[in-house]
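Residue numbering restarts at 1 for every chain, and letters A, B, ... go by the order of the sequence lines. No experiment lies behind these values; they were computed from the predicted model shown.
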Amino acid sequence: MVLVIAEKNIAAKKIAQLLADGAPKTDKVYSTQVYRFSVDGEEWVSMGLAGHILAPDFPEAILFDAERGWYSLTDDGEILPADVPDGLARPPYDSKRRPYLPDGINIKSWKVDSLPYLTWAPVVKHPAEKEIIRVLKNLAKKADSIIIATDFDREGELIGADALSQVREVAPDVPVARARYSALIKGEVCGAFDNLVELDRDLADAGESRQHIDLIWGAVLTRYLTLAKFGGFGNVRSAGRVQTPTLALVVARERERLAFVPEDYWQIRGIGASGDTAFKIAHATARFTDEQKAKTAFAHVQGKTSGTIVKVATRARKQAPPAPFNTTSLQAAAASEGISPARTMRIAESLYMSGLISYPRVDNTVYPPSEDLAAIVSGLAASSPALAPVCKKVLAGPMKPTRGKTETTDHPPIHPTGQGSPESLDGGQRKLYNLIARRFLATLMGPATIENTKLSIDVAGEPLTASGDVLVTAGFREAYPYGLKRDEQLPPLSAGDVIEVRDLALEAKQTEPPARYSQGRLVQEMEKRGLGTKSTRASIIERLYQVRYLKNDPIEPSRLGMAIIDALAAYAPRITTPDMTAELDGDMTKVAEGADTEAHVVDHSRALLAGLIDNLIDHKDDLGEAISDAVTADAKVGVCPTCGRDLVMKASAKTRGNFIGCMGWPECDVTYPVPSGVKLEPIEGDDGVCPECGAPKIKCKPFRSKAYEVCVNPRCPTNYEPDLKVGECAVCAEAGRHGDLIAHKSERSGKRFIRCTNYDECAVSYPLPARGKLQATGETCEHCGSPIVVVETARGPWRICVNMDCPGKEKRPARGRRGTAAASKPAAKKTAAAKKSAAKKSPAKRKPAAKKTAAAKKTAAAKKSASSR
DNA sequence: GCAAGGTC
């Protein structure tokens with residue numbers, strides 16, 4: 001049997017299809033997809049790895065001293081020489097400066113003292129994809145020969161070399177060869193398998209050098225930053241060859257904005273009208289930089305009510321259809337539609353896995369000749385009725401595809417497959433699929449023609465203008481409306497016509513600083529500067545948000561992010577610029593060409609880092625202070641109305657919930673609750689102080705709905721809500737007594753809830769939505785008899801039964817069973833409190849407000865999963 | 001608890 005090892009499943013599948021006599025058979029080894037086929041009567045099988053199957057890391061519990069070098073200790077205290085690669089450089093040992101690694105401190109422990117040793121620590125590999133390795137070894141044992149067919153690039157060679165090392169553990173003698181193809185098409189793949197070569201160790205070593213350098217620099221600097229001011233678990237301050245220069249880009253842009261000195265300018269603008277059509281007019285001098293000149297011009301036109309058309313100029317311009325999508329351009333286009341690059345990749349992956357779009361990690365922007373574009377369009381027409389009319393036009397047209405600047409042969413640009421059923425996609429998936437499908441169609445269509453009309457208007461001797469764009473020939477815009485401005489149609493006018501003029505005003509304005517990066521722009525900027533790859537950029541940006549160096553979109557650096565860049569620019573400047581990546585690329589090329597060795601390149605890099613360590617450690621406390629100040633500044637939401645110190649967002653150690661507390665604690669015990677389940681943001685400046693009570697106001701952004709601002713003080717008059725009777729208590733009615741249900745707002749927590757007036761006997765207490773005006777309706781719920789209230793929300797009124805355990809609420813048609821189960825035994829469970837009071841006062845009766853205890857819920861869930869198995 | 005690179 002011949003075993004073919006590809007980098008990923010899609011490659012394994014394609015290779016099987018291209019080499020097989022007849023159609024390959026899909027099979028599973030354990031739970032991994034493999035492809036069985038025959039080539040000239042011989043039995044072949046291909047499998048896909050999942051990228052790198054081994055992960056580099058530092059060895060467990062390695063210690064160092066000058067005599068023994070690297071060693072490890074067994075549990076019994078026995079000293080063993082460490083299993084490290086030959087020829088590894090030793091940490092330069094200076095007993096005054098650098099004691100032995102203290103007892104019990106090893107490379108795995110996060111201690112500043114160990115950083116100089118970590119710089120020189122060996123790097124080993126451990127299995128990262130255990131399942132894949134198991135399958136690989138299983139197949140390798142049965143193989144008569146093996147062909148490594150991973151991607152034809154540096155990382156592909158390394159992935160192949162790692163796979164080979166695993167194969168050798170079970171099949172030391174089986175012949176192994178390498179197939180190098182640059183496109184998954186018949187000619188390329190068959191050619192590669194007819195001309196097998198050897199695995200290129202130098203190229204794999206180049207990839208491994210990259211891994212080691214990234215790990216060593218990343219781990220040393222990340223540990224250093226984290227230890228400089230330990231902020232508790234979950235507060236890692238990371239640094240790396242790609243993430244740090246990326247952060248530096250954002251910080252540099254913010255600094256430009258801070259240093260920006262706005263310039264004053266003036267505009268004269270107003271409204272022109274002819275017949276029923278009104279349009280914007282402005283002085284021909286779009287921006288006056290001289291106030292006096294602006295005032296003089298304005299004095300001429302002020303209060304004027306008519307103008308004369310001097311000239312009408314129309315000019316048509318063509319807008320070329322866009323290039324096919326590669327990863328970066330898809331991420332940028334999706335970011336404009338509000339989908340972050342990271343989310344774009346997650347969605348694209350799912351669309352790819354369900355067979356709706358082609359492979360999403362591509363640099364290529366030119367369709368290969370082998371791609372049957374017409375077939376895709378036909379498929380699209382059949383699967384997406386909404387796109388069918390435009391698909392028909394595309395099929396009838398000349399269908400000359402556009403080409404982008406980057407042409408590679410590994411995969412086609414991102415396009416819909418025209419297969420599957422996109423109709424059932426949910427929100428984000430549907431949005432992205434539509435973008436991809438429409439972009440694909442646009443690349444096969446003609447240009448759009450936009451006609452611009454420019455009116456020159458004389459108003460009391462001053463030149464004014466109006467301009468309007470109209471899409472006259474839709475071309476590709478019929479399929480691809482993204483980023484298209486709305487038509488601004490001017491009325492038909494000609495020279496000499498008189499128009500109405502009104503609302504002319506002189507406006508004083510200021511120039512704006514350079515704009516912040518959007519996530520889409522940042523991805524493009526990273527690509528331009530050689531930072532990261534198509535597969536990593538999105539996740540690197542996401543990481544910078546996760547460690548709270550970045551916030552908001554357009555992107556702003558946090559004070560912490562700025563402090564990190566300042567510190568690294570001072571003590572480890574090499575990590576803050578893209579140069580390190582550029583230099584690494586140069587070194588990699590030398591290793592790949594055999595002009596240098598992995599050991600030498602990595603040791604050189606270690607030495608550069610080692611040269612920085614002493615200075616870093618000397619400044620540890622300065623940095624700790626800077627980080628701590630920055631973190632406090634980021635958490636600041638306002639000033640304490642009692643003592644004047646900063647109020648900051650804090651996390652409760654007990655409940656892990658957030659609250660606002662005074663930095664003066666324990667002398668000052670001012671605290672405020674904050675709403676949970678929403679994203680919170682401080683409001684800067686005077687807008688962030690409540691005019692009523694002086695407490696801070698904060699911005700709350702609930703998931704998928706509109707942000708609002710609120711005073712954090714629950715006792716503030718702006719938060720006052722009178723008690724409201726919403727109806728009668730159905731529980732009490734069942735028990736033969738009377739109780740009213742009253743909506744209260746807690747003065748302590750600011751939370752709203754409903755409670756029964758009969759609370760000595762009745763335990764009814766329901767939470768209410770945090771926001772929206774409440775109204776009693778006088779109606780009762782058909783399911784449980786509890787009152788119905790209306791909550792005014794941003795999306796309009798919302799009628800709810802106040803009973804949180806109402807059986808009517810649990811009816812979910814899609815799942816069904818949960819609802820019916822709950823409805824059939826609504827009185828089954830009670831809260832402990834309800835049971836207690838019921839036992840004391842009155843016999844337990846049917847109770848619509850059945851509240852399940854946590855334990856009861858658990859058993860119910862367990863029963864459910866047991867019955868479904 | 002570290003990075004960046006593959007891919008799921």
Quick check against the 3.5 Å criterion: does Ser114(A) have a side-chain atom that pairs as donor or acceptor with the backbone of Tyr117(A)? no
DNA chain B nearest-nucleotide lookup for Asp153(A) and Leu215(A): closer to the 5′ end is Leu215(A)
Under a 3.5 Å cutoff, is there a donor and acceptor pairing between the side chains of Gln429(A) and Ser350(A)? yes
Sorted by number, residues from residues 207-214 of chain A placing a heavy atom under 4.0 Å from DNA chain B are Arg210(A), Gln211(A), Asp214(A)
For DNA chain B, which residues in residues 522-549 of chain A have a heavy atom at a distance below 4.0 Å? Gly532(A), Thr533(A), Ser535(A), Thr536(A), Ile540(A), Arg543(A)
Atom CG of Asp585(A) and atom P of dG5(B): how far apart are they, to the nearest Å? 10 Å
Going by an N to O cut-off under 4.0 Å, is there a salt bridge joining Glu625(A) and Lys620(A)? no
Scan side-chain atoms only and decide if Thr328(A) and Glu527(A) contain a donor-acceptor pair under the 3.5 Å cut-off. yes
dA4(B) P sits how many Å from Asp162(A) CG, rounded? 19 Å
Would the distance check show the side chain of Asp27(A) and the main-chain N or O of Val34(A) forming a donor-acceptor pair, the cut-off being under 3.5 Å? no
Taking only side-chain nitrogens and oxygens of Arg361(A), does any of them come within less than 4.0 Å of OP1 or OP2 of dT7(B)? yes
Euclidean distance, atom NE2 of residue His411(A) to atom C1' of dT7(B) [Å, nearest integer]: 11 Å
Whole-Å distance between dT7(B) P and Leu54(A) CG? 16 Å
Can you label the angle between the His600(A) ring and the His604(A) ring as parallel, tilted or perpendicular, going by 30° and 60°? parallel
Would you say whether Trp217(A) stacks on dA3(B)? The test is a distance between ring centres of less than 5.5 Å and an angle between planes of less than 30°. no
Side-chain donor or acceptor of Arg537(A) paired with backbone N/O of Leu531(A) under 3.5 Å: yes
Measure from CZ on Arg134(A) to C1' on dC8(B) and round the result to the nearest Å. 17 Å
Whole Å only: how far is the CD1 atom of Ile132(A) from the C1' atom of dT7(B)? 9 Å
Between Leu435(A) and Leu330(A), does the side chain to side chain contact (heavy atoms under 4.5 Å, CB included) criterion hold? Intermediate values first, please. CA-CA 9 Å; Leu435(A) 177 64; Leu330(A) 170 64; 4.1 Å; yes
Atom pair distance, as rounded to whole Å: CZ in Arg237(A) and C1' in dG1(B): 12 Å
Using whole Å, what does the distance between atom C1' of nucleotide dG6(B) and atom CG of Asp363(A) come to? 14 Å
Stepwise, does the ring-ring contact (aromatic ring centres under 6.0 Å, His included) test hold for Phe152(A) with Tyr181(A)? CA-CA 6 Å; Phe152(A) 183 12; Tyr181(A) 55 91; 8.3 Å; no
Hey, is the side chain of Tyr359(A) poking within less than 4.0 Å of OP1 or OP2 on dT7(B), counting only N and O atoms? yes
Consider only side-chain N and O atoms of Glu155(A) and His52(A), and report whether a donor and an acceptor are under 3.5 Å apart. yes
Measure the shortest side-chain to side-chain distance between Arg574(A) and Trp217(A) over non-hydrogen atoms and say whether it is less than 4.5 angstrom. yes
Counting any heavy atom closer than 4.0 Å, what does Gly51(A) reach on the DNA or RNA strands: base, sugar-phosphate only, or nothing? base
For residues 566-576 of chain A, which residues have at least one heavy atom under 4.0 Å from DNA chain B? none
Tell whether Asp57(A) reaches the base of dC2(B) with its side chain through a donor-acceptor pair below 3.5 angstrom. yes
Quick one: are the ring centres of His619(A) and Tyr571(A) less than 6.0 Å apart? yes
Just to be sure I understand the rule, does Arg223(A) reach a base, reach only the sugar-phosphate, or reach nothing, if contact means heavy atoms closer than 4.0 Å? base
